[in-house]
Amino acid sequence: MKILTKEVLAEFIADSNQIYIAGMLSDKIEGVSFYAEFIRKPMIQKKHKVELLYSAVSDVQDGQEEENISLFHDELNFMGYIVDNETFYLFDAKKEDVEQLRLFGFEAGDMPENLKEMMKNEVEEYIRNKYIPTEASVALFFVQRPEQEIKDATISAAHSFVTGEKVNMVEHFIINANLCDEAAYAFWLADKDNWLESLLQMRKYKNDYYDVVDDRSMKETVVYEKVMERILTDSIESDEKYLRLKKLFELIKNYKDIKLLIKRQAKDEKPVVAHCDVFSLTYINTFKQDGLYLRDGELWVNPSAKPFFSIQDALDFIPLENICGVLLPSGEVYL
């Protein structure tokens, strides 16, 4: 059985023509021997050449020969990046993992601990500087976009206002579009100064894993964020219902479970006490449906018979505007 010594692994890293290598790792891990397979594939060539490295590792028992090691069900796992046939960078690794690789003979480099945050900030700055929304683009949104999309923007703006959670639509876009994932790391390693332009050039084309990221999608993101700001200032900040809810959230920000004072149907009826966990109250779906369901003295996000909706659910529904106060340890506080 081939032994993957430090020298053997170093030769493998240095030679791009060696696509596959397998054998016993020279060092045990916590007293256990392991058989490892390594497979490389090219990724990108810019200022630096970056290749991807995949591995499969199986534990080996004493006396077990190579032909008796079952490799059929082993899955290849993405390990990281070989740069310029010299240095190996482990993706999303802890320092102890990097040190372990060095023990096996890899010339392992250290990624910046805050690399993902650094890259996200660079992408956000790029989008905000290049795609600046105009008054005309915001006005066109209200004219051209479907009514449901405008309603969704209104709900998001209201949720942000009430909860105090600032909505960064550009950041959401970067995360949802996977612009700081494993592929982005490879582009960064290939050219730290121009990685983003190269990445966005690739992302203009759709494949089975990525959606398209192009000028239109990035422009729409900043316009949507501006639309939410406009809705916030034009309607949400002066809406009595949301002003009362904002006051409520300020009162309960240090609690996980609360007792709310609610009115079921008639606004002139005496309030009753209902238990509610703060997460349910802050959940975006609560704002989308504009209320909660009262069952056995507790408020819930979902109706009792989801996905079905019963007459009783309709009777149990408490609109957000029917929340009139909160019962705190210090006493009742009305909104």
Can you check whether [Y]'s main-chain N or O pairs, donor with acceptor, with [X]'s side chain at less than 3.5 Å?
X: R230; Y: E225; answer: no
X: D84; Y: K49; answer: yes
X: N176; Y: H172; answer: yes
X: K116; Y: C180; answer: yes
X: T286; Y: T282; answer: no
X: N129; Y: E125; answer: yes
X: S55; Y: E37; answer: no
X: K246; Y: F161; answer: yes

Between [X] and [Y], does any side-chain N to carboxylate O distance fall below 4.0 Å?
X: E250; Y: K247; result: no
X: K259; Y: E332; result: no
X: E124; Y: R128; result: yes

Audit row: E229, M169, side chain to side chain contact (heavy atoms under 4.5 Å, CB included) steps and yes/no: CA-CA 11 Å; E229 293 175 3; M169 294 306 300; over 6 Å; no
Which atoms form the tightest heavy-atom contact between [X] and [Y], and what is the distance?
X: L179; Y: A184; value: O-CB, 3.3 Å
X: C324; Y: R244; value: CA-NH1, 4.2 Å
X: G109; Y: T87; value: N-CG2, 3.5 Å
X: A153; Y: M228; value: O-CG, 3.8 Å
X: V167; Y: S156; value: CG2-O, 4.2 Å
X: K263; Y: P271; value: CE-CG, 4.0 Å

Working to the nearest 0.5 angstrom, can you tell me the gap between [X] [atom1] and [Y] [atom2]?
X: L53; Y: I82; atom1: CG; atom2: CD1; result: 4.5 Å
X: E122; Y: W195; atom1: CD; atom2: CH2; result: 5.5 Å
X: L261; Y: K270; atom1: CG; atom2: NZ; result: 10.5 Å
X: L260; Y: L335; atom1: CG; atom2: CG; result: 8.5 Å
X: M111; Y: L90; atom1: CE; atom2: CG; result: 8.5 Å
X: N178; Y: L199; atom1: CG; atom2: CG; result: 10.5 Å

Parallel, tilted or perpendicular: rings of F287 and H159 (30°, 60°):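 Answer is perpendicular, since the angle exceeds 60°.
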Mind telling me whether Y283 and F279 have parallel, tilted or perpendicular rings, with 30° and 60° as the class edges? parallel
Chi angles and distances behind the side chain to side chain contact (heavy atoms under 4.5 Å, CB included) call for T221, Y131: CA-CA 9 Å; T221 299; Y131 306 98; over 6 Å; no
Within a radius of less than 6.0 Å around NZ of K46, do more than 12 heavy atoms belonging to other residues, nucleotides or ligands occur?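 Incorrect, the count does not exceed 12.
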Verify the neighbour count for atom NZ of K253: are there more than 12 heavy atoms of other residues, nucleotides or ligands below 6.0 Å?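 Open.
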Tell me whether the guanidinium CZ or amine NZ of R40 lies under 6.0 angstrom from the six-membered ring centre of F12 and within 45° of its axis. yes
I'd like to know whether E149 forms a side chain to side chain contact (heavy atoms under 4.5 Å, CB included) with Y224, so could you lay out the CA-CA distance, the side-chain angles of the two residues, the decisive distance to 0.1 Å, and finally the verdict. CA-CA 10 Å; E149 194 168 347; Y224 190 85; 4.2 Å; yes
So, [X] versus [Y]: side-chain donor-acceptor pair below 3.5 Å or not?
X: K226; Y: S137; answer: no
X: D181; Y: Y210; answer: yes
X: D152; Y: Q148; answer: yes

Under 4.5 Å between side-chain heavy atoms, hopping through other hydrophobics if needed: is there a path connecting [X] to [Y]?
X: L281; Y: L243; answer: yes
X: I175; Y: V222; answer: no
X: Y81; Y: M202; answer: yes
X: I284; Y: I150; answer: yes
X: L248; Y: L299; answer: yes

Working for side chain to side chain contact (heavy atoms under 4.5 Å, CB included), residues L292 and V301: CA-CA 5 Å; L292 294 160; V301 176; 4.0 Å; yes
